[in-house]
Structure formats: structure tokens, C-alpha cells
Amino acid sequence: MIKIMKYGEVANKDIFARAEMKLDVESIVADIIYNVRKNGDAALYEYTEKFDKAKLSTLLVGEAEIDEAFKAVSKEFIDILKRAAKNIRKFHEKQVRNSFIINDENGIVCGQKIIPVDRAGLYVPGGTAAYPSTVLMDSIPAKIAGVKEVVMVTPPSADGKVNPVILAAAKIAGVDKIFKVGGAQAIAALAYGTESVPKVDKIVGPGNAFVAEAKKQVFGTVSIDMIAGPSEILIVADGRTNPRHAAADLLSQAEHDKMASAVLVTDSMELAEAVRQELEVQIPQLERAEIARASIDNNGKIIVADTLDVVIEIANEIAPEHLELCVDNPFDYLDSIRHAGSIFMGRNCPEALGDYFAGPNHTLPTSGTAKFSSPLSVDDFIKKTQYTYYTRDALERVAEDVAYFARKEGLTAHAKSAVIRLEDDK
């Protein structure tokens, strides 16, 4: 049963504690990465047979297999995927940055160019945890940014095929290449390249502890989106919130995995008790009841504070991945929420809207990193290059200032480079 804590009566370390994933996979992942770097495709075939029980003749998913998968998915779901993709594109198109140029001083031009990365890698979990939503959320921003090639990796099932809904989503999103490989070995292949899998510049997408560790180890060779922890939801709710709705929304994250965190923060003890009772009604009705039960009992909590202002400060300190603002006038409180991956406003906005359909990205900072990190966006797939141009006269106006500055740092060659052109002219 979920814990109820009264803020001010329970130690802050318990109020703000998070579930910690303690898996020692560093050395295992390091060995996998080494093997892939050394043996390329041969290592990928080996690991795919070992971990996924699939003996493959090729890693690349061909057009025929993609078309076959697309036809296998119901028209109803294809239409839903297309509507979701439309919403995601509409939202992310607003994030596109423009290059700029400054030339308001005679003889001086400065500017910044926005350039997409050449190739992005997308990791998509496979098996029973098939997430076509991840395909849309992670590849559409890359395409909007102008990435030339989006490469997707995903583990096959034992029959050597990729889940059809994953391939259908990839076709709708415009993914360029798809490879049947998962786990840490897939991250290694994207980071270093093999005979089949091209080396990418950025890797995005969720995965298990092995995938997260692999992303951590290859960072620096390539860029990554984030090291994602267990999924989180925090609901800010007043006493007028329907406890059935709050319980259902908490469980929408608790069913992800046993380490997921579901938290309700409220100014109403009556609501807290009602939600706790409602959770006990709803958990047994879930297909993933065992997972949800472990999440709620071990990591779930209901925190009761005296006022809604204190409730919001608690939410800011926790800095959750998903934050639901279940109050009558949510826009009155929006500016008070400083730390959250994504905010869901009002009583008719379950977090599931953001997972699948609304348009804002669902790849979000976890584990309190919302205090300094942002959701996945078009910005993740671009880089900025700056440039400077001075005429001879413009250089003459500032050369002595530059040289003086350089000498103060003890860098006389820097100083010389600023004035030598003027000396030559004399």
C-alpha cells in the first residue's frame, strides 16, 4: 500500500528520496563495446543470437519487410500514428532555430550558423516493450532539424523479425535505415560503426540498464540525449481532485516497471486517503498489476502539506519527469513550476496525452535532472558554428586592445598575431 507522509512531520530525506537502480553492469558493457569495436558485425550477430535468440542472415531491415509490417498493422492504428505524427511535427517545427548575422559596426561581420548533425542514431526497445511512440518522438525532431540520415536500431524477436508497429511508425516518421540489433551492442555499433551499421554523431532513445550504461561509456565519442532513470510522475492536486482520476494517473507510470516512481502531493488529507483506497481498487484490475504493485508499494508516496504553495515548492524540489497540475486554474500556477520535464495542465490532461499524442516530446529528464535539463527537441540534433570577419580598418581600431588583453594573460604570441599585420603595413 502506498505511503502517506505529512510534510514537516517526516524527515526531508524520506520526502525527497528516489528509487535507485543498483545494477553493476559497467564491466559487462565495457566488454561488449570492446568486442563490437574489434569484431564489428560478427559481434552483433553473436550477441543477437545469444540475447535475442535470433539467428540472422542480415542486420538491415529491407523495404519489403517494412512494407509487409505496414500492411500487417490495422488501418485504425496507422491513422492514429499519422495523427500523432502530425501533432508532434506541429509542435517541434516551432523549435527550429535560425542562423543570425550582426554587421552593425563598419567593417565587422559576426554571425552564427545552425547546422544539423549529419547522422543520428535512434535506439528503440523491442520485444514485449514495443514503443512506436518513441520512434515518432525521437525521429521527427531529427528530421525537422535537417538531419540527413536517421538510423534506427531495435532488437528482433526470436523469429528474426521486428515488431510491425515499430516498423510502421518508422515508415511514417521517415527513418532512413533500420537494423535488427539491440542492447549495449547496438549502442556500440552506432558509436563506432561496423561493416553494416554506420557511425552516427548523436544517439537518442530509452533502454534498459545496459543501454543506459553503454550510452554513458560512448559519450564523448558521440553525443547522447541523456542517461534516463526510472519513469516518474508527480501529481500536484487540490482537495477538489477526483481520487479515481489521480489514482489512474499514478498507475499510468507505475505500470512501466517496478522501479517507476508515482507521487501525489496535495494539501488535502481527505484526498490522500481517498487516493490510497482507490489505488487498492484499481491495481488488481491492471494487466501489469504485479509491476504496478511493486512500484506503488516500494517507490510510491503521497505527501500532504498545509497549503498549495508548499505543495508546489515540494514539487519543484523533486523536479519530476512528468508533473500533473490538477487544480481549477492551472495557468495561475504555471509560472510557479520551475523544475519539471513536462507539465500537464488541469483536470482533463492525463500524462498519457503527452506519451502518445499531444505533440510535446515524451523523452524527458528524470531523477531530478529537470533542474538543469530539458526535453528532447530539435535543438538536440543541431550544432552551432560561429564566424567572424574584420576588414583591415576594423582590425586597426581594436588591435592594440586585443594585444593588451593577450599580454595580461601572458600570451605574447596572441598579442603579436593581433598587431603584426599593422606592423607589416608600416
Side-chain angles (χ1 to χ4, degrees), residues 28-70 116-127 130-132 134-135 138-139 142-143 147-171 173-208 210-211 213-215 217-225 381:
I28 298 172
V29 169
D31 288 344
I32 291 173
I33 292 173
Y34 175 80
N35 191 11
V36 173
R37 291 186 69 179
K38 181 180 179 182
N39 296 306
D41 281 358
L44 300 183
Y45 284 117
E46 173 193 338
Y47 287 128
T48 302
E49 185 171 358
K50 178 179 180 180
F51 297 130
D52 303 306
K53 312 304 179 188
K55 192 171 181 62
L56 303 176
S57 59
T58 180
L59 297 169
L60 180 68
V61 178
E63 288 297 325
E65 187 173 342
I66 295 171
D67 291 341
E68 179 186 348
F70 200 83
V117 301
D118 287 338
R119 187 181 286 127
L122 165 60
Y123 186 90
V124 179
Y131 298 124
T134 293
V135 180
D138 289 4
S139 56
K143 284 296 182 179
V147 176
K148 293 177 183 176
E149 189 173 50
V150 175
V151 179
M152 189 176 94
V153 291
T154 188
S157 54
D159 63 2
K161 293 185 177 296
V162 174
N163 191 307
V165 297
I166 295 295
L167 296 183
K171 185 177 178 70
V175 172
D176 297 291
K177 290 181 179 177
I178 306 168
F179 293 93
K180 300 175 183 180
V181 57
Q185 60 272 23
I187 302 300
L190 291 173
Y192 297 102
T194 71
E195 297 90 332
S196 297
V197 182
K199 182 186 186 311
V200 303
D201 303 301
K202 176 111 186 192
I203 300 174
V204 303
N208 61 20
F210 293 90
V211 170
E213 177 62 29
K215 287 169 71 176
Q217 290 190 26
V218 301
F219 175 65
T221 299
V222 293
S223 176
I224 62 171
D225 50 355
F381 300 98

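The first residue in the sequence is number 1, and the count goes up from there. Nothing here was measured: the structure is a model prediction, and the numbers come from that model.
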**Q** Got a sec, which residues hit ring pair (Phe, Tyr, Trp, His ring centres under 6.0 Å) with Phe210, two or more places apart in sequence or on another chain?
**A**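 Scan of Phe210 (ring pair (Phe, Tyr, Trp, His ring centres under 6.0 Å), adjacent residues dropped) gives none.
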
**Q** Going by salt bridge (Lys or Arg N to Asp or Glu O under 4.0 Å), name the pairs with one or both residues in residues 148-162, residues two or more places apart or in two chains.
**A**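 Applying salt bridge (Lys or Arg N to Asp or Glu O under 4.0 Å) to every pair that reaches into residues 148-162, excluding sequence neighbours, yields Arg119-Glu149, Glu149-Lys177.
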
**Q** Find out whether Tyr123 and Pro155 are in side-chain contact, i.e. whether some heavy atom of one side chain is under 4.5 Å from a heavy atom of the other.
**A**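 The answer is yes, as the side chains (C-beta and beyond) meet within the 4.5 Å cut-off.
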
**Q** Could you name each residue pair satisfying salt bridge (Lys or Arg N to Asp or Glu O under 4.0 Å) that touches residues 195-208, not counting sequence neighbours?
**A** Lys202-Asp380

**Q** Nearest 0.5 angstrom please: Tyr131 OH to Asn163 CG, how far?
**A**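 Nearest 0.5 Å value for the OH-CG distance: 11.5 Å.
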
**Q** For the backbone of Val124 and the side chain of Thr154, can you confirm whether one donor and one acceptor N or O come within less than 3.5 Å of each other?
**A** yes

**Q** Could you tell me which residues satisfy side-chain contact (heavy atoms from CB on, under 4.5 Å) with Ala170, sequence neighbours excluded, listed by chain and number?
**A**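 For Ala170 the side-chain contact (heavy atoms from CB on, under 4.5 Å) partners, ignoring immediate neighbours, are Val135, Met152, Val175, Ile178.
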
**Q** Sequence neighbours excluded, which residues qualify as side chain to side chain donor-acceptor pair (under 3.5 Å) partners of Tyr47?
**A**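 Residues passing side chain to side chain donor-acceptor pair (under 3.5 Å) with Tyr47: Asn35.
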
**Q** Should Phe179 and Pro198 count as side-chain neighbours, where that means a heavy-atom distance under 4.5 Å?
**A**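 Yes, at least one pair of side-chain atoms sits under 4.5 Å.
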
**Q** Which heavy-atom pair separates Ser139 from Val150 by the least distance, and what is that distance?
**A**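 So the minimum-distance heavy-atom pair works out to CB-CG1, 4.2 Å.
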
**Q** So which of Val218, Val36, Val200 actually passes side-chain contact (heavy atoms from CB on, under 4.5 Å) with Tyr192?
**A** Val218

**Q** Applying the side-chain contact (heavy atoms from CB on, under 4.5 Å) test to Leu190, which of Ile224, Val222, Val151 qualifies?
**A** Val151

**Q** What residue among Leu44, Val181, Leu122 forms side-chain contact (heavy atoms from CB on, under 4.5 Å) with Val153?
**A**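 Among Leu44, Val181, Leu122, the one that satisfies the side-chain contact (heavy atoms from CB on, under 4.5 Å) with Val153 is Val181.
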
**Q** Between Thr58 and Ser196, is there a side-chain heavy-atom distance shorter than 4.5 Å?
**A** no

**Q** Which pairs with one or both residues in residues 41-69 pass salt bridge (Lys or Arg N to Asp or Glu O under 4.0 Å), sequence neighbours excluded?
**A** Glu49-Lys55, Glu65-Lys180, Asp67-Lys171

**Q** Once rounded to the nearest 0.5 Å, what's the spacing between atom OG1 of Thr221 and atom CD1 of Ile187?
**A** 13.0 Å

**Q** Can you sort out the partners of Phe219 under ring pair (Phe, Tyr, Trp, His ring centres under 6.0 Å), two or more places apart, ordered by chain and number?
**A** none

**Q** Tell me, do Pro156 and Thr48 make a side-chain contact under 4.5 Å, heavy atoms counted?
**A**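 Heavy-atom side-chain distance check passes, below 4.5 Å.
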
**Q** Name all residues meeting the side chain to side chain donor-acceptor pair (under 3.5 Å) criterion together with Lys215; count only those two or more places apart in sequence or in a different chain, and write none if there are none.
**A** Asp225

**Q** Could you tell me which non-hydrogen atom of Tyr45 sits nearest to which non-hydrogen atom of Leu59, and how far apart they are?
**A** OH-N, 3.5 Å

